[in-house]
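For reference, positions follow the sequence shown, starting with 1. Not measured: the values here are computed from a predicted model.
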Amino acid sequence: MATPKVTLKLLINKMERKVVFAEANKDFVDFLFCILSLPVGSIVKLLENKTTTTGCLGDLYQSIEALSETYMQPNQDKNSVLNPKFPKSLTEIPLLLPDNNSYKSKPLKFYTCSRIETTFNGYSRHLFLADNPFSSCPICRQTMRSEMAFVSQEASTSTTAAVATKRGFVKDMVTYMVMDNLEVMPMSTISCITWLNKFNVGDLGSLEEKVVNFGPDEALKLLKASMECKNVFTSVFLGNKGA
């Protein structure tokens with residue numbers, strides 16, 4: 001399978017060696033939305049093999065990774081925080097970030113009291129649920145070891161009845177303007193002029209366009225740069241963090 005990539009058109013100030021803004025489509029803007037949706041554990045995991053500083057979060061991550069499973073609750077899994085699944089909306093965007101859902105988390109299990117009592121109306125059960133098979137029934141104090149079948153929302157939703165929805169976050173057929181500090185807005189002539197004036201670009205001859213490919217490698221660099229500076233495109237594509 002080919003590595004997914006999108007195309008960005010950068011407007012660069014040649015004199016200052018910095019990116020003024022990028023012209024982007026829906027796929028790239030969806031990716032930026034994804035960044036804000038990522039669990040912290042996923043960010044640390046994605047950057048763990050990179051020469052980056054995650055502060056004490058990296059130390060916290062490694063200590064939890066080394067912690068024995070014997071200290072975990074029976075129905076909990078360290079992977080749920082060390083390698084959390086991306087939200088479903090992110091998995092619908094086949095773009096840029098590495099697959100982070102390769103592990104199998106422990107299935108949810110619930111237990112109930114198996115005792116059945118005879119009543120005037122027939123039979124009745126003690127309808128309590130627990131996520132620990134050693135819990136005691138509040139009524140009869142019997143251990144709740146009878147496992148219940150858990151039906152997830154995905155399993156209970158019929159694929160034939162599901163309503164088709166468009167993937168991602170933002171609408172298509174729109175060109176977006178993304179600033180060097182990752183501010184996002186719809187592209188328009190007025191917005192371009194406004195930002196050129198804001199950056200005191202008087203000589204249009206000092207500007208040049210550059211088309212770049214943006215794939216998984218660039219995505220990780222952008223994620224890293226977004227935690228370190230406010231001139232992300234300049235840092236990733238021009239190597240100029242001090243711009």
Side-chain angles (χ1 to χ4, degrees), residues 30-49 54-170 219 223 227:
D30 278 341
F31 163 71
L32 294 181
F33 273 67
C34 288
I35 291 179
L36 292 183
S37 302
L38 289 177
V40 174
S42 293
I43 294 176
V44 177
K45 177 71 174 178
L46 287 168
L47 298 178
E48 67 175 346
N49 294 323
T54 55
C56 62
L57 287 178
D59 299 325
L60 172 62
Y61 187 96
Q62 291 176 9
S63 68
I64 294 177
E65 195 171 34
L67 189 68
S68 172
E69 289 284 356
T70 58
Y71 295 101
M72 301 298 296
Q73 293 281 6
N75 212 39
Q76 293 296 327
D77 184 358
K78 287 195 302 182
N79 264 334
S80 64
V81 293
L82 294 177
N83 193 19
K85 290 186 177 182
F86 290 163
K88 187 175 185 297
S89 59
L90 304 195
T91 63
E92 295 171 352
I93 302 174
L95 172 72
L96 305 179
L97 288 176
D99 179 16
N100 202 36
N101 290 322
S102 57
Y103 81 95
K104 296 290 186 179
S105 60
K106 291 181 180 179
L108 290 173
K109 291 185 178 182
F110 295 99
Y111 306 88
T112 188
C113 177
S114 60
R115 185 170 179 177
I116 300 176
E117 294 184 346
T118 303
T119 66
F120 291 109
N121 297 322
Y123 298 95
S124 69
R125 301 189 65 168
H126 298 165
L127 300 179
F128 295 96
L129 289 179
D131 60 3
N132 188 328
F134 302 103
S135 299
S136 298
C137 173
I139 296 179
C140 67
R141 312 309 300 174
Q142 180 174 304
T143 303
M144 301 171 66
R145 294 182 178 177
S146 181
E147 186 174 338
M148 303 289 290
F150 176 76
V151 180
S152 67
Q153 181 179 2
E154 293 180 359
S156 63
T157 302
S158 171
T159 55
T160 57
V163 177
T165 57
K166 293 185 177 180
R167 65 178 179 83
F169 294 94
V170 297
L223 180 61
M227 301 175 67

Could you walk me through whether Ser114 and Gln142 pass side-chain hydrogen bond (donor to acceptor under 3.5 Å, both in side chains), step by step? CA-CA 8 Å; Ser114 60; Gln142 180 174 304; 3.0 Å; yes
Residues that [X] engages under side chain to side chain contact (heavy atoms under 4.5 Å, CB included), provided they are two or more places apart:
X      : result
Val40  : Val44, Leu57
Thr70  : Ser68
Ser135 : Ala130, Asn132, Met144

Quick one: pull up [atom1] in [X] and [atom2] in [Y] and give me the separation to the nearest 0.5 Å.
X      : Y      : atom1 : atom2 : result
Leu223 : Ser42  : CG    : OG    : 10.0 Å
Lys109 : Leu129 : NZ    : CG    : 15.5 Å
Lys45  : Asn79  : NZ    : CG    : 8.0 Å

Between Met227 and Ile43, is there a side-chain heavy-atom distance shorter than 4.5 Å? yes
Is any side-chain heavy atom of Ile139 closer than 4.5 Å to a side-chain heavy atom of Phe128? yes
Pairing residues for Glu147 by the side-chain hydrogen bond (donor to acceptor under 3.5 Å, both in side chains) criterion, not counting sequence neighbours: none
Among residues at least two apart in sequence or on other chains, which ones pass side-chain hydrogen bond (donor to acceptor under 3.5 Å, both in side chains) with Ser146? none
Give a yes or no answer on whether the side chain of Tyr61 reaches the backbone of Leu82 with a donor-acceptor pair at less than 3.5 Å. yes
Donor-acceptor pair, distance only, cut-off 3.5 Å: does the side chain of Asp30 make one with the backbone of Gly168? no
Using the rule given for side-chain contact (heavy atoms from CB on, under 4.5 Å), can you reason through Tyr111 versus Asp131, listing the C-alpha separation, both sets of side-chain angles and the distance that settles it, and then say yes or no? CA-CA 6 Å; Tyr111 306 88; Asp131 60 3; 5.8 Å; no
On a heavy-atom basis, which atom in Glu65 and which in Lys78 lie closest, and how many Å separate them? O-NZ, 2.9 Å
Qualifying residues under ring-ring contact (aromatic ring centres under 6.0 Å, His included), relative to Phe110, sequence neighbours excluded: Phe150
